[in-house]
Amino acid sequence: MIDKDLLSMQEARALVRAARKAQAEFCQLGQEKVDEVVKAVSEATAACASELASEAVEETGFGKSHDKRIKNLLASQKVYDSIRDMKTIGLLRDDTERRVMEIAVPVGVIAGIVPSTNPTSTTIYKSLIALKAGNAIVFTPHPSATKCIGHTVEIIKEALTRCGVSSDLVSSISVPTMEGSAELMRICDLILATGGPGMVKAAYSSGTPALGVGAGNVPAFIERSAKIQDAVAKIMSSKTFDNGTICASEQSIVTERCIADKVRNALVAQGGYFLEGEKLEKVKRIMERGNGSMNPKIVGRDALTIARLAGIEVPANTRLLISDEPGIGPKYPFSKEKLTALLGFYVVEDWHEACEVCTRLLENCGIGHSLAIHSQNKEIIKEFGLKKPVSRILVNTPSTQGAVGISTSLFPSFTLGCGTVGGSATSDNVTPLNLINIRRVAYGLESGDIWQPRNCQPHAGRVCTGSTLQPCYGTAAPQPKTDNLDISAITAMIVEELKKSMQN
C-alpha cells in the first residue's frame with residue numbers, strides 16, 4: 001500500500017534539490033538571458049490560454065472558460081509587458097555620488113501555493129515573476145486542480161528546454177498532500193502563498209519567510225454623487241467575472257438611503273435578484289458548511305446554478321443573487337466573503353455611516369485587502385483613502401479588474417498583499433522586486449562628507465572633536481596646558497624609575 005503523504009514529502013525534497021541546482025546556474029546567466037527565458041515562457045503560456053482555461057473549468061467546476069482565458073492572458077501577456085524592462089539581475093544601480101552600489105540577489109527556491117479558484121493563471125504569473133528575479137519555483141497545487149496546474153507547468157518546462165536552460169526551474173508536486181506541502185514550505189527559501197486562510201496561515205507558521213494574502217471581503221460604496229447606472233454596471237461586470245472567484249471581487253454594496261431605490265432598480269434591471277422570505281432562507285442554508293466556511297459546491301458558480309442547488313426559482317436573466325443583510329458578523333452569511341454570484345446589500349444614512357459599515361465589513365475577515373468606491377466627490381474619496389484599513393482602494397472601476405491591474409495602472413498580479421493589518425508581509429501587488437534581496441556595497445566617504453552630529457554637547461568621559469571622539473575632562477575642569485612642559489625631562493624621569501623597579 002502506497003503512503004501518499006510520504007510520497008508527497010519525498011517528491012517535494014527531490015524537486016527542491018533539483019531546483020536548487022538549476023537556480024544556481026540560471027541566476028549566473030545575466031539579465032539578457034533571463035529576459036529571453038521569461039519572454040519564451042510568456043509566449044508559450046499565452047498561446048495555450050484558451051486550452052488551459054477550459055481545462056481549469058472542467059477539472060474544478062469553478063468559473064467561466066472565457067474569463068479564465070482573460071486571466072491567463074493577463075498573467076502571461078500583461079505581466080510580461082510590465083516586467084519586460086525591469087532590472088532584476090546583477091548590478092541594479094551604482095550611485096557614484098553617494099558611493100553605494102545595489103546588487104540584486106535572488107531569494108533562491110520559491111514554494112508556490114496555488115488555489116483552485118485561479119489555478120492556471122496563478123501558475124503562469126508566479127512562474128514569470130520568479131524567473132524574472134532569477135529564482136526557481138516549485139508549486140504545491142490544490143488537490144482539485146492538480147491536472148490543469150500540472151499541464152501549465154509542462155508547457156513552461158518545454159519553453160525552458162527550448163531556451164537551453166534547466167526545466168527543473170519550474171516544477172509541481174504531482175501528489176499534493178498537506179504533509180508534502182508542509183515539507184516544501186519548510187525546505188524552500190521563500191513561500192509565495194495564494195489560497196485559503198488555512199494554507200496561508202500554515203505558510204506564515206512554517207518558519208520560512210513568506211508572502212501571503214488574506215481573504216478579500218470587499219465592500220463597494222455607492223455614494224450619492226456616483227453615476228449610478230455606471231457604478232452598478234461595473235459592479236455587475238466585476239462580481240460576475242469568472243463567477244466571482246477572484247478575492248478582489250465585491251462582496252457587499254453599501255449605499256446611501258437617498259439613492260438606495262435607484263441603486264436597487266439599476267441592479268434589478270441589470271440582472272440582480274433580491275432574495276426574500278423562504279427563497280432567502282433556502283439560499284442561506286447552502287451557503288456555508290457547519291464550521292462557517294464557504295460551501296465549495298457554490299464557489300465559482302453562476303446565479304442560476306446556485307438557485308437550482310437551493311431549490312428555488314428565479315428569472316432566467318438573473319446574474320446575481322442579492323440579500324438585504326441586517327447585520328455583520330458570523331451569523332450573517334451575506335456579510336462574509338462569497339467567491340460566487342452572491343452579494344450583500346446595506347443602506348446607510350450618509351457617507352460617515354458608510355465609513356463605519358465598510359470598516360466593519362472589512363474587519364469581518366477582509367481587513368487589509370481592497371475597497372471599491374463609486375463617487376464624484378474627491379473629498380470623500382480622499383477621506384476613504386486616508387482612513388480605510390485596506391491596501392488598495394478602487395475608484396469608479398470594477399473592483400476585480402481594478403485590483404488585478406486590468407482596469408487600473410496597478411501591477412498585474414494574482415497575489416494581492418494585505419499589509420500587516422491583514423496579516424501579510426506586504427501590501428503590494430507582488431512583483432519580481434518582492435522576490436529579490438538587495439546587497440549594498442557602501443564605500444567610505446571622504447572626511448569632509450562624513451556626517452557630524454548637530455549641536456554636539458560634551459558627555460560622560462568623551463567629547464566630539466572633528467570626526468573622532470576624544471577624552472573629555474568635563475565642563476568645569478579645563479584641560480591641562482602643555483605649552484611649557486619639558487618632554488625630555490619627563491621621559492628621563494620615567495626611564496630612571498623603570499631602572500629602579502627592575503633593580504628591585
Side-chain angles (χ1 to χ4, degrees), residues 26-27 29-53 56 66-90 92-93 104 106 110 112 114 118-137 152-153 155-160 162-163 165 169-170 192 194 211 213 237-238 241-242 246-248 370 391-392 394 397-417 426-436:
F26 179 63
C27 68
L29 297 178
Q31 188 75 66
E32 185 176 350
K33 182 62 177 179
V34 167
D35 289 349
E36 175 192 328
V37 171
V38 171
K39 181 181 180 181
V41 171
S42 167
E43 292 175 346
T45 50
C48 299
S50 296
E51 178 183 1
L52 293 174
H66 174 270
D67 293 344
K68 288 197 183 295
R69 174 180 176 274
I70 294 174
K71 291 198 289 189
N72 288 339
L73 292 174
L74 173 72
S76 55
Q77 292 180 345
K78 190 170 185 184
V79 168
Y80 172 72
D81 290 342
S82 299
I83 67 177
R84 178 178 53 203
D85 300 322
M86 192 180 284
K87 180 69 174 171
T88 55
I89 304 295
L92 296 179
R93 59 188 65 87
I110 296 170
V114 185
N118 305 294
T120 55
S121 53
T122 302
T123 303
I124 296 167
Y125 152 74
K126 289 186 176 180
S127 295
L128 284 178
I129 64 171
L131 292 168
K132 177 68 177 182
N135 300 300
I137 186 164
T152 306
V153 168
I155 291 169
I156 295 170
K157 281 179 168 291
E158 291 171 4
L160 295 173
R162 288 194 297 271
C163 289
V165 298
L169 287 166
V170 179
L192 197 52
T194 309
L211 292 176
V213 300
S237 70
S238 172
F241 182 79
D242 205 26
I246 291 182
C247 56
S370 304
S391 298
R392 52 200 65 78
L394 297 318
T397 191
S399 181
T400 295
Q401 292 89 331
V404 302
I406 293 177
S407 63
T408 66
S409 296
L410 295 179
F411 183 87
S413 174
F414 287 97
T415 299
L416 308 177
T426 182
S427 58
D428 294 343
N429 282 19
V430 174
T431 82
L433 298 181
N434 295 101
L435 306 182
I436 60 173

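This is a predicted model, so every value here is computed, not measured.
In this structure, Y125 and T415 have side chains that are in contact, with non-hydrogen atoms separated by less than 4.5 Å. You'll find the side chain of F411 stays beyond 4.5 Å of the side chain of D428, heavy atoms only. Within the 4.5 Å cutoff, the side chain of T123 has no heavy atoms near those of the L52 side chain. Counting heavy atoms from C-beta on, the side chains of S370 and L394 come closer than 4.5 Å.
How far CZ of F26 is from CD1 of I89: 6.5 Å, rounded to the nearest 0.5 Å. Distance check, rounded to the nearest 0.5 Å: CG of N434 to CG of L211 gives 6.0 Å. Separating the CE atom in M86 from the CD1 atom in I436 is a distance of 9.0 Å, to the nearest 0.5 Å. Taken from OG in S391 to CG in L416, the straight-line distance is 9.0 Å, to the nearest 0.5 Å. F414 CZ to I124 CD1: the interatomic distance, rounded to the nearest 0.5 Å, is 8.5 Å. Interatomic distance, E43 CD to S76 OG, rounded to the nearest 0.5 Å: 10.0 Å.
When all heavy atoms are compared, the tightest approach of K87 to L433 is O-CD2, 4.2 Å. Heavy atoms only, all atoms of each residue included: R392 and S427 are closest at NH2-O, 3.2 Å. Among all heavy-atom pairs drawn from C27 and P106, the shortest one is CB-CG, 3.8 Å. Closest approach of S42 to L128, counting heavy atoms only: N-CD2, 3.9 Å. L73 and A49 get closest at one heavy-atom pair: CD2-CB, 3.6 Å. When all heavy atoms of P412 and V79 are compared, the pair lying nearest together is O-CG2, 3.5 Å.
Each of I137, V34, L160 was scored for a side-chain contact (heavy atoms from CB on, under 4.5 Å) with L131, with one residue passing: L160. With N72 as reference, T120 is the one residue of D67, T122, T45, T120 to meet the side chain to side chain donor-acceptor pair (under 3.5 Å) rule. Among the candidates T194, I110, V170, the single residue satisfying the side-chain contact (heavy atoms from CB on, under 4.5 Å) test with K126 is T194.
Residue pairs meeting the side-chain hydrogen bond (donor to acceptor under 3.5 Å, both in side chains) criterion with at least one partner in residues 30-39, sequence neighbours excluded, are Q31-D35, Q31-T88, K33-E36, D35-K132. Screening residues 401-412 for side-chain hydrogen bond (donor to acceptor under 3.5 Å, both in side chains) gives T397-S407 as the qualifying pairs, with residues at least two apart or on separate chains.
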**Prompt:** Hey, mind stepping through I246 and N118 against side chain to side chain contact (heavy atoms under 4.5 Å, CB included) and telling me if it holds?
**Reply:** CA-CA 7 Å; I246 291 182; N118 305 294; 3.7 Å; yes
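Between the side chain of N429 and the backbone N or O of A403 there is at least one donor-acceptor pair closer than 3.5 Å.
At a threshold of 4.0 Å, the pair D81-K78 does not count as salt-bridged, since none of the basic side-chain nitrogens sits closer than that to a carboxylate oxygen.
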